[in-house]
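What follows is a short report on a single structure.
What you are looking at is a predicted structure, and each value in this text was computed from that prediction instead of being measured.
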Amino acid sequence: MTPAQTMLRAATGLNLSKSIVERAIKNRMEQTAAKDHDDYLRQMTPEEMTALVELVVVPESWFYRDPQAFVAMTDFVRARLAANNDRLVRILSIPCAGGEEPYTIAMVLTDAGIPPENFMVDAFDISPTCVARAKSGIYGRNAFRAQDLAFRDLHFTSAGDGDYRVNDEIRKQVRFKQGNLLEFDLSTRAGYYDVVFCRNLLIYFDKPTTKAAIEKLSALLMDDGQLFAGYAEVPSFCQHGFSPLSHNQAFGLQKETAAPRKSLHTTRTPAKPPAPKATRSIASPPSLPPSAPAPRPRVAAPAAVKPATAPPAVAANLLAEARRLADLGDIKAAETRCRDHLALHPESAEAYFILGLLNELTNKPKMAEDYWKRCIYLQPDHYEALCHLALLAEANNDASGAAALKARAARIYKRQQAS
């Protein structure tokens, strides 16, 4: 890593490539008339560092991006206020980019009938330019990518030249401020937020920085609060004290301390055409310590079964029973149900996936890996299996393998969203 890369990582936490950093420095050298690369770095000031950071951050966002997260958040806020309608629900958006996400939060809650005195959104971004743009509340065509633009007619006014300005009643619900998550002072904000949105930030961090960022987010979030992440970041959160919530496509999480038991309710995005739907969510994905290689799991031989004689309802009930038993903590009985299902349907990807979860829960990462590999062999677009395999690869210090699995999962997610 070059000194410039190290300097920018210290300032932002971002794991930036040499080419991105050098391109940004070259741009700033032309603006500052620095003699050469070393001269530019020697004369670095806080103001110049801010200008350099502006060239390497990626403020890419739009209104109503991944909308299921906002649906899940609204349900949670309603439940909060049903228990105490006098409280203020505090929501954090970090990084907020140009303000599209926090303004969407405010619009969604307003449209849901949540009174303005019952919620407030705090929005932070490392980029002063992004914060200034967000405060202005003016957006062009690129920010409006949702298929249904009724919200624009309801919450925006024309600003001329094809731009639109957020109406004041929405703007007053959001407080913007420049800030770096890794430098947050927790003395006044520990356990402060009911809901945290931190989507597509950790994908730019290395493992130590990811761990530090999640620790900060966990400290900011109430113990019974909810956090919404990017689809490729869920495994990292699960490795560091969070468990998934059962909201399809929302990629929501809660602290493990908020989950009373291990469960198998899914947050899975169904493939097209729909695959058999699991209902799991792991309350406590293990830290995956190294273990000795375990023998490959044995499954009933296909030649010994007669799938045609089994009613479809029987097979479905076996998987449902496996999940129920796993939720009750009876792992052995749950495994038996999965094997009974495989005796009827030896090509069931979902059964292998659940067996992987069960072995993960009992701290057998090698066997879990074997089952998940079988799962994606049978169903190559199984998003959760790919994410869990990526997590295992990270735990085994296989950075390139983890990156490849995450990239594959990301491509599958995008394809499913577009279909």
Side-chain angles (χ1 to χ4, degrees), residues 1 5-17 20-21 49 53 56-61 65-66 69 90-97 101-102 121-127 130-131 176-223 225-245 250-258 285 287-288 387 390-391 393-395 397 399 402-403 406 409-410:
M1 182 178 296
Q5 285 175 284
T6 302
M7 177 186 64
L8 276 167
R9 176 180 287 186
T12 67
L14 300 179
N15 191 21
L16 302 165
S17 70
I20 289 175
V21 172
M49 176 59 74
V53 167
V56 298
V57 296
V58 186
E60 176 71 7
S61 191
R65 182 179 186 181
D66 296 326
R90 299 185 179 94
I91 303 168
L92 173 65
S93 170
I94 184 167
C96 68
E101 179 178 87
V121 185
D122 287 336
F124 290 81
D125 199 275
I126 196 171
S127 165
C130 285
V131 172
F176 291 100
K177 189 174 181 180
Q178 192 272 336
N180 185 341
L181 171 63
L182 299 173
E183 297 175 356
F184 259 46
D185 179 5
L186 299 175
S187 60
T188 59
R189 290 181 183 265
Y192 187 78
Y193 293 103
D194 299 83
V195 180
V196 170
F197 278 76
C198 184
R199 304 194 291 179
N200 304 311
L201 174 65
L202 304 188
I203 55 176
Y204 299 106
F205 290 164
D206 59 15
K207 287 177 65 175
T209 309
T210 293
K211 182 176 184 294
I214 292 175
E215 288 174 351
K216 287 277 189 179
L217 293 167
S218 181
L220 290 165
L221 183 67
M222 293 181 181
D223 286 342
Q226 292 190 356
L227 182 145
F228 295 94
Y231 60 86
E233 299 168 325
V234 171
S236 294
F237 278 99
C238 288
Q239 193 177 20
H240 296 292
F242 283 82
S243 59
L245 295 169
F251 307 105
L253 302 113
Q254 64 182 0
K255 294 183 184 181
E256 288 179 0
T257 53
S287 57
L288 303 176
C387 284
L391 175 58
E394 287 184 341
N397 296 316
K406 286 183 178 180

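Residues Cys96 and Phe124 have side chains not in contact (no heavy-atom distance under 4.5 Å, counting atoms from C-beta outward). Tyr193 has its side chain out of reach of Leu227: every pair of non-hydrogen atoms, C-beta onward, lies at least 4.5 Å apart. Lys177 has its side chain out of reach of Asp122: every pair of non-hydrogen atoms, C-beta onward, lies at least 4.5 Å apart. Here the side chains of Ile94 and Leu217 are in contact, with some heavy-atom distance below 4.5 Å. Put simply, the side chain of Asp194 does not reach to within 4.5 Å of the side chain of Ile91, judged on heavy atoms. In this structure the side chain of Glu101 reaches within 4.5 angstrom of the side chain of Phe197, judged on heavy atoms. Looking at Phe237 and Pro244, their side chains never come closer than 4.5 Å, going by heavy atoms from C-beta outward. Taking 4.5 Å as the limit, some side-chain heavy atom of Val195 sits within range of a side-chain heavy atom of Phe228.
Looking at Glu233, its side chain does come within 3.5 Å of a backbone N or O of Gly230 through a donor-acceptor pair. Listed for the Lys255 side chain is no donor-acceptor partner under 3.5 Å among the backbone atoms of Gly225. Panel note: side chain Gln226, backbone Val196; no donor-acceptor pair is recorded below 3.5 Å. Remark: side-chain polar atoms of Arg189 are not paired, donor with acceptor, to backbone N or O of Phe184 under 3.5 angstrom.
With rounding to the nearest 0.5 angstrom, the CD atom of Glu256 is 12.0 Å from the CG atom of Asp223. To the nearest 0.5 Å, the span separating CG on Leu181 from CD on Glu215 amounts to 11.0 Å. Taking CZ from Arg199 and CZ from Arg65, the interatomic distance works out to 7.0 Å, rounded to the nearest 0.5 Å. One distance of note links CG of Leu253 with OG of Ser236; it measures 10.5 Å at 0.5 Å rounding. In this structure, the separation between CG on Asn200 and OG on Ser61 is 8.5 Å, given to the nearest 0.5 Å.
The number of heavy-atom neighbours closer than 6.0 Å to NZ of Lys207, taken from other residues, nucleotides and ligands shown, is above 12.
The heavy-atom pair separating Ala409 from Cys387 by the smallest distance is CB-SG, 4.3 Å. Taking both residues in full, the closest heavy atoms of Cys198 and Pro95 are given as SG-CD, 4.4 Å, listed atom of the first, atom of the second, then distance.
Counted by atom type alone, Asp125 and Ser127 present zero donor-acceptor pairs between their side chains at under 3.5 Å.
Geometrically, Arg90 engages Tyr192 in a cation-pi contact, judged by NZ or CZ lying under 6.0 Å from the ring centre and within 45° of the ring axis.
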